[in-house]
> 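Can you keep this structure in mind? I'll have questions shortly.
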Amino acid sequence: MAKIIVAGGSLGGLFVANMLLRQGHDVAILEKAFGSLDGRGAGIVTHDALAEALLIAGVPASESLGVQVEKRVTLGVDGECLDAMNLPQILTSWSRLYHLLKNQFPPERYLQGKTIVSLSQTDGAVKITCEDRSEYEAELLIASDGIRSGVRAQLAPTVQPEYAGYVAWRGVCDESVLSNYTLASLFNYFGFCLPSGEQMLGYPVAGSGNDTRAGKRRYNFVWYRPASASQELPNLLTDADGVNYPLGIPPAKVAWRHIAHMRATARTILAPQFAEITEKTPQPFFQAIYDLSSSQIAFNRVALMGDAAFVGRPHVGMGVTKAGDEARVIASCIETFGATPKALLAYQNSRLTLGQQVVKRAQYLGRYMQSQGKQSNSGEFHATAIKRNANTVMSETAVDISQLLLEGKAVPQEFQHSVKI
Ligand SMILES: Cc1cc2nc3c(=O)[nH]c(=O)nc-3n(C[C@H](O)[C@H](O)[C@H](O)COP(=O)(O)OP(=O)(O)OC[C@H]3O[C@@H](n4cnc5c(N)ncnc54)[C@H](O)[C@@H]3O)c2cc1C
């Protein structure tokens, strides 16, 4: 039995901590935030690999993950269906996964208010110091502390998130408040709307208390919109009182003017069904979209995983699945090689290229949104949109790419070397 510390108690950290605990290790999670992390995320698309990782983490297979949809549709600005395809999928929510994983983990091992600020390694151990001056020592540290990872900042300080040039407006709307028109033509589907250079998508998720009964569900939307790094993004990240949040604005602080503007734009460029959803969503919020790719994820007795290691734009819809996969590989390498640097190196050998490919595929899927907002010689912003075909978007977004990754086909050859846009 080895002593193993996990940095970050969100989905990635909970996956790996549960798996290692089930192998009999002495595991503790150090989580920066106080209180429940609930309410952080919205909808999550599931894949078979996610269900598998949950099972290995100890979540009973009988637990229902969420709402099943059978079909994808793309709506035009007039609300008519432009294209449709069958693609059965289960849509869950961040909160649902968080509770399923957290319920498996002993609360006395989940330490909160613990921000890791420094670490050092000796031959046999890694020493960790938190902001509150508490110290911990373990044979391994698995860092799943997110896109702004403090652990990564110490080990690979040059690896930084890069803004992709657009944001994702998000929110969930109660099924019960929607018109019959929207319920009939959109609610039961994974829906898309493709205004020039932008992308709206949405799908049904469980309602409060994981209620999946008709009438009790919610519709989760994600609307990708270009926002220039120099002006529009800083403006969006500033609340109604003028306070700026450069690393991400809390949902409750998003300025009402920005929400009003987003809703007004929805009425003019989106299908009316989606406009109704943005209108009736009580607290829409947004996240800036970033790319993050590591060239090393094992550092002797420390490993990076989840968003701390790689962040693919959400078009791939597999951040959580990837974290579950990485946790599974870390646990299996530790089972084979013990809690040693060799185990973490084996994890890196197995996952480094795959992580990089996920980021590239996500860049490939999102590239057409960056063709917007480029400044012309006259100084005006203009749209030079690459038109995307509804069928291609529906068949590529948030689908299971595990086989493509294994075959090295997740990114078209011609895009492999021209990722930066
Ligand atoms: C718009 C959008 C849509 C998405 N849709 C999907 C989807 O459909 N399917 C999917 O699979 N994924 C999706 N994702 C991605 C997914 O949400 C993440 O990839 C996933 O949750 C990764 O979690 P993580 O545990 O690695 O990191 P995080 O959830 O960021 O957790 C990091 C944790 O570490 C803690 N922490 C930070 N610093 C420290 C420190 N110094 N010390 C201790 N603790 C620390 C934080 O408080 C936090 O709890 C989406 C993301 C976005 C933005």
Side-chain angles (χ1 to χ4, degrees), residues 42-52 54 61 64-93 96-97 172-173 175 178-195 198-207 210 212-224 270-274 276-277 312-322 358 361-362 364-366 368 387-407 409-412:
I44 298 287
V45 180
T46 74
H47 307 290
D48 288 349
L50 179 67
E52 223 174 280
L54 285 167
S64 120
L65 284 186
V67 178
Q68 166 103 31
V69 296
E70 301 297 336
K71 205 165 125 177
R72 294 184 166 195
V73 296
T74 298
L75 304 179
V77 68
D78 57 0
E80 290 300 306
C81 178
L82 297 177
D83 204 352
M85 69 169 51
N86 290 329
L87 209 165
Q89 239 169 353
I90 294 174
L91 293 323
T92 187
S93 66
R96 176 70 180 145
L97 296 177
V172 283
C173 178
E175 177 179 7
L178 292 171
S179 66
N180 287 333
Y181 169 63
T182 294
L183 290 175
S185 53
L186 177 63
F187 188 85
N188 289 307
Y189 308 124
F190 195 135
F192 293 81
C193 187
L194 304 171
E198 304 197 11
Q199 186 183 113
M200 172 61 127
L201 62 83
Y203 46 81
V205 293
N210 198 40
T212 53
R213 288 174 298 165
K216 304 287 182 189
R217 299 164 295 178
R218 292 176 177 145
Y219 202 75
N220 169 80
F221 77 85
V222 184
W223 184 8
Y224 299 104
L270 294 182
Q273 296 94 323
F274 279 117
E276 180 184 356
I277 285 164
R313 302 178 194 177
H315 315 294
V316 277
M318 62 171 305
V320 178
T321 303
K322 182 181 78 61
V358 168
R361 178 169 173 95
Y364 162 69
L365 296 185
Y368 76 103
K387 286 265 185 264
R388 288 228 79 193
N389 171 294
N391 194 274
T392 316
V393 172
M394 287 194 294
S395 58
E396 287 182 342
T397 302
V399 293
D400 193 342
I401 57 163
S402 32
Q403 197 53 37
L404 287 178
L405 282 170
L406 288 177
E407 292 169 5
K409 294 181 182 163
V411 186

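The first residue in the sequence is number 1, and the count goes up from there.
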> If you take all heavy atoms of Thr212 and Ala206, which pair is closest and at what distance?
CG2-CB, 3.8 Å

> Where the side chain of Gln273 meets the backbone of Leu186, is there a donor-acceptor pair that is under 3.5 Å apart?
no

> Closer than 3.5 angstrom, by distance alone: can the side chain of Gln199 be matched with the main-chain N or O of Trp223 as a donor-acceptor pair?
no

> Within a strict 4.5 Å, meaning less than it, do heavy atoms of the Arg313 and Leu365 side chains meet?
no

> Between Arg361 and Ala410 (side chain of the first, backbone of the second, donor and acceptor by atom type, cut-off under 3.5 Å), is there such a pair?
yes

> Locate the shortest heavy-atom distance separating Val172 from Ala42; write the atom from each residue and the value.
CG1-CB, 4.5 Å

> Would you say the side chain of Tyr203 lies within less than 4.5 Å of the side chain of Phe192, judging by non-hydrogen atoms?
no

> Indicate the atoms forming the closest heavy-atom contact of Pro412 with Tyr364, along with that distance.
CG-CZ, 3.4 Å

> Nearest 0.5 Å, what's the NZ-CD distance between Lys216 and Glu175?
9.5 Å

> Measuring from atom CD of Gln403 to atom CG of Asp48, what distance do you get when rounded to the nearest 0.5 angstrom?
11.5 Å

> Grab the two heavy atoms, one from Ala271 and one from Cys193, that are nearest each other, plus how far apart they are.
N-SG, 3.5 Å

> Pairs under 3.5 angstrom only: tabulate donor-acceptor contacts from the side chains of residues 82-92 to other protein residues two or more places apart or in another chain.
| unit_1 | atom_1 | unit_2 | atom_2 | d |
| --- | --- | --- | --- | --- |
| Asp83 | OD2 | Asn391 | ND2 | 3.4 |
| Gln89 | OE1 | Arg72 | NH2 | 2.7 |
| Gln89 | NE2 | Ala398 | O | 2.7 |
| Thr92 | OG1 | Leu65 | O | 2.5 |

> Are Cys173 and Phe221 packed together at the side-chain level, in the sense that at least one heavy-atom pair is separated by less than 4.5 angstrom?
no

> Sequence neighbours excluded, which residues qualify as salt bridge (charged side-chain N to carboxylate O under 4.0 Å, His left out) partners of Lys409?
Glu407

> State, yes or no, whether a side-chain contact exists between Leu194 and Val393 at a heavy-atom distance under 4.5 Å.
yes

> Given Ser179 and Glu276, is the side chain to side chain contact (heavy atoms under 4.5 Å, CB included) satisfied, shown in steps?
CA-CA 8 Å; Ser179 66; Glu276 180 184 356; 2.8 Å; yes

> Are Val69 and Asn188 close enough that some pair of their side-chain heavy atoms sits under 4.5 Å apart?
no

> So do Pro204 and Phe190 actually touch side chain to side chain, heavy atoms under 4.5 Å?
no

> Which heavy atom in Pro272 sits nearest to a heavy atom in Tyr181, and how many Å separate them?
CG-OH, 4.1 Å

> So, do Tyr224 and His315 have ring centers that fall under 6.0 Å from each other?
yes

> Where is the tightest heavy-atom contact between Pro195 and Leu270, given as atom of each residue plus distance?
CG-CD2, 3.6 Å

> Under a 4.5 Å cut-off applied to non-hydrogen side-chain atoms, are Phe187 and Thr182 in contact?
no

> Look at the side chain of Arg96 and the backbone N and O of Ile44, then say whether any donor-acceptor pair between them is shorter than 3.5 Å.
no

> Quick one: does Leu97's side chain get under 4.5 Å of Leu54's, heavy atoms only?
yes

